[in-house]
Student: 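What follows is a structure written as structure tokens; I'll ask about it next.
Letters go in sequence order (proteins before strands), and every chain restarts at 1. These values consider heavy atoms only, across backbone and side chains, with no hydrogens, waters or symmetry-generated copies.
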Protein chains: 2
Amino acid sequence: MFNFTYNIPTKVYFGDNQLSNLGKEIKKFGKKVLLCYGGGSIKKIGLYGEVIDELKKENLEIFELNGIEPNPRVTSVNTGANICKKEKIDVLLAVGGGSVIDCTKAIAAATFYEGDAWDIVTKKVPVINCLPLVTILTLSATGSEMDAGGVISNLETNDKIGVASPLMQPKVSFLNPKNTFTVSPYQTACGAADILSHIMETYFNTTGSMYMLDCFMEGMMKTVVKYAPTAMKEPENEEARANLMWTSSWAINGFARACQKCNWSCHPMEHQLSAYYDITHGLGLAILTPRWMRYILDETNSERFKNFAVSVFGIDSSLDNMTASLKGIEALEKFFFEDLKLTKTLTELNIDRTHFDIMAEKACGNGVLKGFKELKKEDIKNIYEMCL
Amino acid sequence: MFNFTYNIPTKVYFGDNQLSNLGKEIKKFGKKVLLCYGGGSIKKIGLYGEVIDELKKENLEIFELNGIEPNPRVTSVNTGANICKKEKIDVLLAVGGGSVIDCTKAIAAATFYEGDAWDIVTKKVPVINCLPLVTILTLSATGSEMDAGGVISNLETNDKIGVASPLMQPKVSFLNPKNTFTVSPYQTACGAADILSHIMETYFNTTGSMYMLDCFMEGMMKTVVKYAPTAMKEPENEEARANLMWTSSWAINGFARACQKCNWSCHPMEHQLSAYYDITHGLGLAILTPRWMRYILDETNSERFKNFAVSVFGIDSSLDNMTASLKGIEALEKFFFEDLKLTKTLTELNIDRTHFDIMAEKACGNGVLKGFKELKKEDIKNIYEMCL
């Protein structure tokens with residue numbers, strides 16, 4: 001039962017004034033760097049200029065790919081990979097949130113494939129090699145800065161699919177909490193919901209965990225609950241931003257997961273939501289998660305729910321399992337929809353049941369979603385219905 | 001405040017049946033391997049034979065250094081380094097507990113120095129290069145399997161000194177809880193005290209931590225308190241052994257330490273004890289730690305003591321700081337001296353005050369020990385006196 005391989009080689013420069021190490025780290029991998037970023041917020045906060053200055057200090061040759069979308073598209077991956085092939089890029093530098101980093105990971109792999117990058121995302125062809133990747137994080141959410149995976153969307157097919165390879169793991173990541181000071185309260189809340197969901201997907205598992213790692217996950221969940229509302233109210237609170245940032249990385253880098261092999265539940269359901277409606281991933285997770293919990297909670301699994309309730313939300317441990325569990329779910333709902341002010345229903349987002357059937361089918365891969373509790377297509381449809 | 005570099009590249013194969021990966025991992029570094037171990041317990045448990053088999057499968061050329069002592073001596077380091085130089089060893093394989101791994105780390109560095117290895121331990125010369133190191137752990141205690149340091153003793157001068165370099169960090173470590181099934185209750189207890197002390201030395205600091213990491217440390221301390229007595233009573237309890245083993249690595253690998261820069265207190269005092277009397281490191285820590293806590297506790301630092309008491313031992317959080325703190329120390333004493341059955345006083349070990357003066361002087365490096373509370377030579381002597 002206690003078998004796993006731990007391998008998280010990403011080096012992290014955490015905190016302020018660390019960017020002076022950027023040039024020397026990039027240089028280890030070569031001269032030609034492709035700088036990848038999104039809609040330009042990194043220019044607004046002055047980070048773009050700082051990055052360029054540091055790269056120039058080391059006489060690196062800079063190429064750029066900008067305009068990477070939230071829920072990044074495979075079209076951007078192909079564009080990036082073409083630049084890498086044409087210009088013989090040595091190393092990739094992603095500056096942004098999870099979407100930018102995910103897209104850049106896919107570019108790293110697609111550079112070594114002659115066809116459409118979608119073949120890699122859909123696993124039609126394997127990841128055989130990757131360009132080295134350095135990241136500078138500007139949003140605490142997906143954990144992509146320290147893990148080996150990414151999620152890519154295809155608007156033509158309404159697909160949103162995860163791809164992972166140890167080769168995609170960032171070599172070095174720069175995590176400066178101050179780079180998240182300008183993240184809006186809404187995006188801060190969505191990021192917090194994403195972090196919390198990563199931990200919960202791991203915490204609620206059927207294959208057992210280690211007590212030591214359970215404690216770690218409970219501590220991380222408490223951290224999100226404690227600091228996300230603070231970061232929304234006081235966007236320049238460094239303590240809150242630092243705690244959220246480091247938790248975002250550790251929620252999903254593989255350490256907490258260790259020996260358990262259970263699949264996730266809410267992420268596959270949410271990926272369909274954002275594939276069909278392009279909503280923010282964390283928002284979709286916040287809407288789905290409490291409904292999923294209410295749907296699957298029963299006497300056989302309530303002990304885990306109670307542990308969650310007691311350790312994360314301080315629910316009275318003397319209550320019976322089911323009562324404590326329900327109070328925990330209520331506390332989570334209060335956290336998402338009152339403290340984080342997130343939208344509570346799909347209806348409010350103008351999403352109706354039109355696509356629930358095909359979304360449910362895709363979420364379970366035409367079979368069964370083997371998460372904490374097995375979900376069939378009908379179950380997933382029921383959970384979507386509960387979100388209206 | 002939230003500035004640090006995180007860099008823990010050690011790959012870990014955790015659990016049973018992982019040794020089949022040994023040969024291929026060693027082979028990455030070369031053909032000639034020096035197998036380093038201690039008094040032969042690895043032969044009794046059959047591990048020696050398994051290791052040799054795996055190495056032979058990959059046609060590796062095996063050299064051996066055995067008889068590495070607890071509190072490993074610089075003489076063993078020199079012996080090992082001489083073998084490496086003479087035989088042109090490519091890679092080191094340490095099989096054992098912290099003493100064997102520490103000694104092998106020092107050999108890794110001393111191989112690239114022509115003089116006495118003690119010059120490296122005493123920092124007379126810097127670590128400029130190291131042979132790559134792979135470890136197979138057989139005792140959960142020092143955390144040497146995943147950190148960059150080691151402690152070497154010199155019986156001629158009664159010195160016990162730590163040496164560290166990122167170059168010494170093991171490349172790969174094999175952690176199989178089953179390899180600790182034969183560890184005696186006494187050694188299990190000493191190991192647990194060492195692990196707990198590593199966490200406490202980090203938890204009690206003046207430079208501040210991150211809440212997220214405080215939670216992690218509290219979880220690890222709870223893990224030790226929960227599982228050490230179980231492992232003593234049921235030596236083949238895999239859950240207990242696995243939790244202790246993974247906690248031993250994470251207690252000191254640098255993750256929990258992150259942004260705080262405070263020095264340690266009990267380890268420097270204990271190193272003098274085991275340097276002068278060759279007692280087991282963990283036992284010395286168990287004797288010293290509660291006395292140190294009672295000596296330094298005051299109104300200005302009692303909040304931290306209370307957090308410790310509440311989170312690790314479940315002391316009532318509604319108590320005032322000083323009362324809760326004292327109850328926490330009592331609970332720790334009960335844990336060490338009743339649950340773990342460790343000797344409570346130096347007197348019982350036939351240690352008297354003969355060397356307290358010189359030991360205290362060495363512990364504070366002839367100045368001040370800048371830990372959670374600054375300790376001068378007289379303070380350290382007082383703490384040693386409390387241990388009689």
Student: Do B/R304 side-chain atoms and B/T206 backbone N/O form a donor-acceptor pair below 3.5 Å?
Tutor: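 No, the answer is negative, given that no donor and acceptor are paired below the 3.5 Å cut-off.
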
Student: Of the backbone (N, CA, C, O) and the side chain (C-beta and beyond), which part of B/M221 lies under 4.5 Å from a heavy atom of chain A, both, or neither?
Tutor: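 For B/M221, there is no contact with chain A at all, as no heavy atom is under 4.5 Å.
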
Student: Go through the side-chain N and O atoms of A/Q169 and A/T10 and say whether any donor and acceptor fall under 3.5 Å apart.
Tutor: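 A donor-acceptor contact under 3.5 Å links the two side chains.
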
Student: Among A/L175, A/T247, A/I8, single out the residue with the greatest number of heavy-atom pairs under 4.5 Å to chain B.
Tutor: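 Ranked by contacts with chain B, first place is A/T247.
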
Student: Sort B/Q18 into side chain, backbone, both or neither according to what part of it lies under 4.5 angstrom from a heavy atom of chain A.
Tutor: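 The side chain, not the backbone.
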
Student: Give a yes or no on whether the ring-centroid distance for A/F216 and B/W250 is below 6.0 angstrom.
Tutor: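 No - the distance between ring centres of A/F216 and B/W250 does not fall below the 6.0 Å cut-off.
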
Student: What about B/F2 and A/W246, are their ring centers closer than 6.0 Å?
Tutor: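 Distance test on ring centres: not under 6.0 Å, no.
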
Student: Just by distance, with hydrogens left out, do A/T135 and A/E145 show a side-chain donor and acceptor under 3.5 Å apart?
Tutor: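 No, A/E145 and A/T135 have no side-chain donor paired with an acceptor closer than 3.5 Å.
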
Student: With respect to chain B, which residue among A/M217, A/E218, A/K222 yields the maximal number of heavy-atom pairs within a distance under 4.5 Å?
Tutor: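 With the most close heavy-atom pairs to chain B, the winner is A/K222.
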
Student: Counting heavy-atom pairs under 4.5 Å to chain B, which of A/N243, A/T5, A/N7, A/L244 comes out on top?
Tutor: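 Highest number of pairs under 4.5 Å: A/N243.
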
